[in-house]
Amino acid sequence: MASALRSTILRHVRVPVCQSLNGSRLAAVRSMSSHGDDHLDKQEVVDRVIDIVKSFPKVDPSKVTPDVHFEKDLGLDSLDTVEIVMAIEEEFKLEIPDKEADKIDSCPLAIEYVYNHPMAS
């Protein structure tokens, strides 16, 4: 709860920065956003997650959609799901805690997790 609150606050904090240039003061506002301007848009996250799942050796790429469930729709087991989550971590350069990773069993959940993660890139 505290980390979620912290992330929300940091997204909106602005810190005034004053600089001096040849005796005149310049004032600027520096945004301390955790998302910044480089936050991934939803469609980019969808496309990259779909590509990861399609490239998994045990998956028929023609069955992969943004709404697919790893076990029910693709016939993957729990170890396969762990491998997909690890590939998602690598692709987006983030670490998903085990407690959260255990919940990711479909493309929609993977997409939502990555899209809402402030450090995803």
Side-chain angles (χ1 to χ4, degrees):
M1 174 90 174
S3 67
L5 180 60
R6 181 179 181 276
S7 295
T8 302
I9 292 170
L10 287 178
R11 264 185 259 164
H12 302 288
V13 171
R14 298 189 188 280
V15 178
V17 177
C18 293
Q19 297 176 334
S20 178
L21 181 65
N22 296 334
S24 65
R25 287 184 62 138
L26 299 174
V29 175
R30 182 174 179 191
S31 175
M32 300 298 283
S33 172
S34 59
H35 284 280
D37 293 334
D38 62 343
H39 183 62
L40 302 171
D41 73 18
K42 184 101 175 208
Q43 190 57 50
E44 181 181 357
V45 173
V46 170
D47 294 342
R48 288 169 65 185
V49 168
I50 295 294
D51 287 344
I52 291 166
V53 177
K54 282 183 176 181
S55 68
F56 193 72
K58 296 180 182 179
V59 169
D60 176 359
S62 66
K63 293 183 178 180
V64 179
T65 69
D67 300 317
V68 76
H69 188 278
F70 301 147
E71 293 178 29
K72 294 176 187 170
D73 300 326
L74 300 177
L76 301 177
D77 61 26
S78 59
L79 291 177
D80 297 329
T81 299
V82 168
E83 288 185 47
I84 288 177
V85 171
M86 289 171 55
I88 290 169
E89 287 178 315
E90 187 175 322
E91 171 70 20
F92 291 97
K93 298 179 180 83
L94 51 88
E95 188 172 327
I96 303 172
D98 291 343
K99 188 175 180 180
E100 297 298 318
D102 291 342
K103 298 175 188 174
I104 299 174
D105 60 1
S106 64
C107 279
L109 291 176
I111 290 163
E112 279 306 307
Y113 185 87
V114 171
Y115 180 69
N116 290 317
H117 197 288
M119 301 305 289
S121 61

Minimum heavy-atom distance between [X] and [Y], given as atom pair plus value:
X	Y	answer
Ile96	Glu89	N-OE2, 2.6 Å
Val114	Ala120	O-CB, 3.6 Å
Phe70	Ile84	CZ-CG2, 3.9 Å
Ala110	Ile88	CB-CD1, 3.7 Å
Pro66	Ile111	O-CD1, 4.1 Å
Glu100	Tyr113	CB-CE1, 3.9 Å

For Asp73, all residues meeting side chain to side chain donor-acceptor pair (under 3.5 Å), sequence neighbours excluded: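 Residues passing side chain to side chain donor-acceptor pair (under 3.5 Å) with Asp73: none at all.
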
Pairing residues for Glu44 by the side chain to side chain donor-acceptor pair (under 3.5 Å) criterion, not counting sequence neighbours: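 Listed in chain order: Arg48.
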
Which value, rounded to the nearest 0.5 Å, describes the distance between [X] atom [atom1] and [Y] atom [atom2]?
X	Y	atom1	atom2	result
Glu112	Cys107	CD	SG	12.0 Å
His117	Lys93	NE2	NZ	14.0 Å
Leu76	Phe56	CG	CZ	6.0 Å

Any Val45 side-chain heavy atom under 4.5 Å of Lys42 side chain: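 No, every pair of side-chain atoms sits at 4.5 Å or beyond.
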
Sequence-distant partners of Pro57, side-chain contact (heavy atoms from CB on, under 4.5 Å), two or more places apart: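 With neighbours one apart ignored, the set is empty.
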
Ala87: side-chain contact (heavy atoms from CB on, under 4.5 Å) partners, not counting sequence neighbours: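 Partners of Ala87 by the side-chain contact (heavy atoms from CB on, under 4.5 Å) criterion, ordered by chain and then number, come out as Ile52.
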
Qualifying residues under ring-ring contact (aromatic ring centres under 6.0 Å, His included), relative to Phe92, sequence neighbours excluded: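 With sequence neighbours excluded, Phe92 shows a ring-ring contact (aromatic ring centres under 6.0 Å, His included) to no residue whatsoever.
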
Residue pairs passing the side chain to side chain donor-acceptor pair (under 3.5 Å) test where at least one lies in residues 56-69, sequence neighbours excluded: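 Non-adjacent pairs meeting side chain to side chain donor-acceptor pair (under 3.5 Å): Lys58-Asp80, Asp60-Ser62, His69-Asp105.
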
Within one Ile-Leu-Val-Met-Phe-Trp-Tyr cluster: Leu109 and Val68, side-chain cutoff 4.5 Å: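 No; tracing contacts between hydrophobic side chains, which count when under 4.5 Å, never links both residues.
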
Common cluster, Val82/Ile104, ILVMFWY with side-chain heavy-atom separation under 4.5 Å: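 Per the 4.5 Å side-chain linkage, Val82 and Ile104 are not co-clustered.
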
